[in-house]
Amino acid sequence: MMRRSFYTSLLIGGILTMTTFAHANTSLHEAVRNNDIQSVQILSSQNHLESRDARNNTPLMLATQRNNIAIATILIKAGADVNAKNDMQDTPYLLAGAQGYNEILTLTLTHGANLKDTNRYGGTALIPAAEKGHPQTVKILLEAGADPNHINNLGWTALMEAVLLGNGSQTYQDIVKILLEAGADPNIPDNKGITALQYAKQKSFHEIVNLLNQYGGQ
């Protein structure tokens, strides 16, 4: 019995040693790509959180790109920088907002997300969220304090993009209404001097035209 216990201890010890060695030779980026939660948990506690890949992505950015909520949660709670930019000038916060990854977005907002940060187009997270048709994301960002009237490098606000790049469907009508209720100005012109109302008329988005008129569109 004693001999069996001895060999059992050796076996368990060997397995633990091999497991630890395997994790030590796995990068955090690789663990995220492989959805290896155990390795992520181990490596995230060893100060690998801000390591970068060839495109300057942190492990948290990779998890966000995949909308991997479980791994993103581990990384964010371990202290990963939600404002770390990659080569595309995206951050986990900006990307989560743009793609409508609301669970990760909410986590970034409670862990230091910079609401004023901008992407490569000079837009805050609110603008692509509106353009891509994510009404709940738009609401989350506005409730967190995002500026509804921020203007990007193209001269467009979130309201402008919802009209100009949207399809006029109920989803975009909802987004327009959410923005207007939050104080979006329907009369801000773009770089060509054209307003959201004028674009809505050009595209025959009658419901959106009515909404913009109700909130002072001219």
Inset, instruction - With side chain to side chain contact (heavy atoms under 4.5 Å, CB included) as the test, would you mind laying out the steps for Asn119 and Thr124 before giving the verdict? - result: CA-CA 6 Å; Asn119 57 30; Thr124 61; over 6 Å; no

Inset, instruction - Test side chain to side chain contact (heavy atoms under 4.5 Å, CB included) on Gln38 and Asp36 and set out the steps. - result: CA-CA 6 Å; Gln38 185 180 9; Asp36 184 351; 3.9 Å; yes

Legend entry - Audit row: Asn57, Asn86, side chain to side chain donor-acceptor pair (under 3.5 Å) steps and yes/no: CA-CA 5 Å; Asn57 292 309; Asn86 64 7; 2.8 Å; yes

Inset, instruction - Apply side chain to side chain contact (heavy atoms under 4.5 Å, CB included) to Asp190 and Tyr199, showing your working. - result: CA-CA 10 Å; Asp190 65 8; Tyr199 279 121; 2.5 Å; yes

Inset, instruction - Go through Asn35 and Asn68 one step at a time and tell me if the side chain to side chain donor-acceptor pair (under 3.5 Å) criterion holds. - result: CA-CA 8 Å; Asn35 196 29; Asn68 192 322; 3.0 Å; yes

Legend entry - side chain to side chain donor-acceptor pair (under 3.5 Å) evaluation trace for Gln170 with Asp174: CA-CA 6 Å; Gln170 185 62 55; Asp174 292 344; 2.8 Å; yes

Inset, instruction - Report the C-alpha separation of Thr58 and Leu49 in whole Å, then their side-chain angles, then the decisive distance to 0.1 Å, and conclude whether the side chain to side chain contact (heavy atoms under 4.5 Å, CB included) test is met. - result: CA-CA 7 Å; Thr58 61; Leu49 291 170; over 6 Å; no

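Looking at Leu179, Leu159, Ile208 one by one, the single match for side chain to side chain contact (heavy atoms under 4.5 Å, CB included) with Pro186 turns out to be Leu159.
Between Ala158 and Ile127, the closest heavy-atom pair is N-CG1, 3.7 Å. Between Ala63 and Ile71, the closest heavy-atom pair is CB-CG2, 3.8 Å. Nearest heavy-atom pair, Ile178 versus Pro135, reported as atom, atom and distance to 0.1 Å: CD1-O, 3.7 Å. Here the closest heavy-atom approach between residue Ala182 and residue Pro148 is recorded as O-CG, 3.7 Å. Contact detail for Thr137 and Ala129: the closest heavy-atom pair is CG2-CB, 3.9 Å.
Arg33 has a carboxylate O that lies under 4.0 Å from a charged side-chain N of Asp53, or vice versa, which qualifies the two as a salt bridge. Ion pairing between Asp147 and Lys116 fails under the 4.0 Å rule for side-chain N and carboxylate O.
Between atom CG of residue Leu60 and atom CD1 of residue Ile104 there is a gap of 7.5 Å, rounded to the nearest 0.5 Å. Going from atom NE2 of His134 over to atom CG of Leu126 covers 12.0 Å, rounded to the nearest 0.5 Å. A distance of 11.5 Å separates CZ in Arg120 from CG in Asp87, rounded to the nearest 0.5 Å. Atom CZ of Arg55 sits about 10.0 Å away from atom CG of Leu62, to the nearest 0.5 Å. Here the CD-CG distance, from Gln198 to Leu212, works out to 11.0 Å after rounding to the nearest 0.5 Å. Atom CE of Met61 and atom CE of Met88 lie 10.0 Å apart (nearest 0.5 Å).
Under a hydrophobic-cluster definition in which Ile, Leu, Val, Met, Phe, Trp and Tyr are linked whenever side-chain heavy atoms come within less than 4.5 Å, directly or via other members, Leu107 and Leu115 are assigned to different clusters. Note: the hydrophobic cluster containing Tyr172 also contains Phe205 (ILVMFWY, side chain heavy atoms under 4.5 Å, direct or indirect links). At a threshold of 4.5 Å between side-chain heavy atoms, the hydrophobic network of Ile, Leu, Val, Met, Phe, Trp and Tyr places Val40 and Ile69 in two separate groups. In the hydrophobic cluster analysis, where Ile, Leu, Val, Met, Phe, Trp and Tyr join through side-chain heavy atoms closer than 4.5 angstrom, Leu75 is grouped apart from Leu94. Put simply, Ile175 and Ile151 are part of two different groups of oily side chains (I, L, V, M, F, W, Y) that touch within less than 4.5 Å, one to the next.
The backbone N or O of Ser44 sits nowhere less than 3.5 Å from a side-chain atom of His48 that would complete a donor-acceptor pair. In this structure, the side chain of Glu50 engages the main chain of Asp81 through a donor-acceptor pair within 3.5 Å. Between the side chain of Asn153 and the main chain of Tyr121, a donor-acceptor pair closer than 3.5 Å is present. Judged by distance alone, the side chain of Asn83 and the main-chain N or O of Thr91 form no donor-acceptor pair under 3.5 Å. For Glu143 (side chain) and Ile140 (main-chain N/O), no donor-acceptor pair under 3.5 Å exists by modelled atom type. Judged purely by atom type and a 3.5 angstrom limit, Thr110 uses its side chain to pair as donor or acceptor with the backbone of Thr106. A donor-acceptor pair is defined here as one N or O able to donate and one able to accept, closer than 3.5 Å; such a pair exists between the side chain of Asn187 and the backbone of Gln218. Proximity of a side-chain donor or acceptor of Thr64 to a complementary backbone N or O of Asn67 within less than 3.5 Å is not detected. With hydrogens and angles disregarded, no donor-acceptor distance shorter than 3.5 Å links the side chain of Asp90 to the backbone of Leu95. Looking at Glu131, its side chain never comes within 3.5 Å of a backbone N or O of Gly166 through a donor-acceptor pair.
Within the 4.5 Å cutoff, side-chain heavy atoms of Tyr93 are placed close to those of Leu109. At a threshold of 4.5 Å between non-hydrogen side-chain atoms, the residues Thr157 and His150 do not count as touching. By the 4.5 Å heavy-atom criterion applied to side chains, Thr108 and His111 are not counted as neighbours. Between Trp156 and Leu165, the closest side-chain pair of non-hydrogen atoms falls below 4.5 Å. Counting heavy atoms from C-beta on, the side chains of Glu207 and Leu211 never come closer than 4.5 Å. Taking 4.5 Å as the limit, some side-chain heavy atom of Lys85 sits within range of a side-chain heavy atom of Asp117. With contacts defined as side-chain heavy-atom distances shorter than 4.5 Å, the pair Thr195/Ile188 does not qualify. Considering only heavy atoms from C-beta on, Pro59 comes within 4.5 Å of Ser51 through its side chain.
Other residues, nucleotides and ligands place more than 12 heavy atoms under 6.0 Å from the NZ atom of Lys203.
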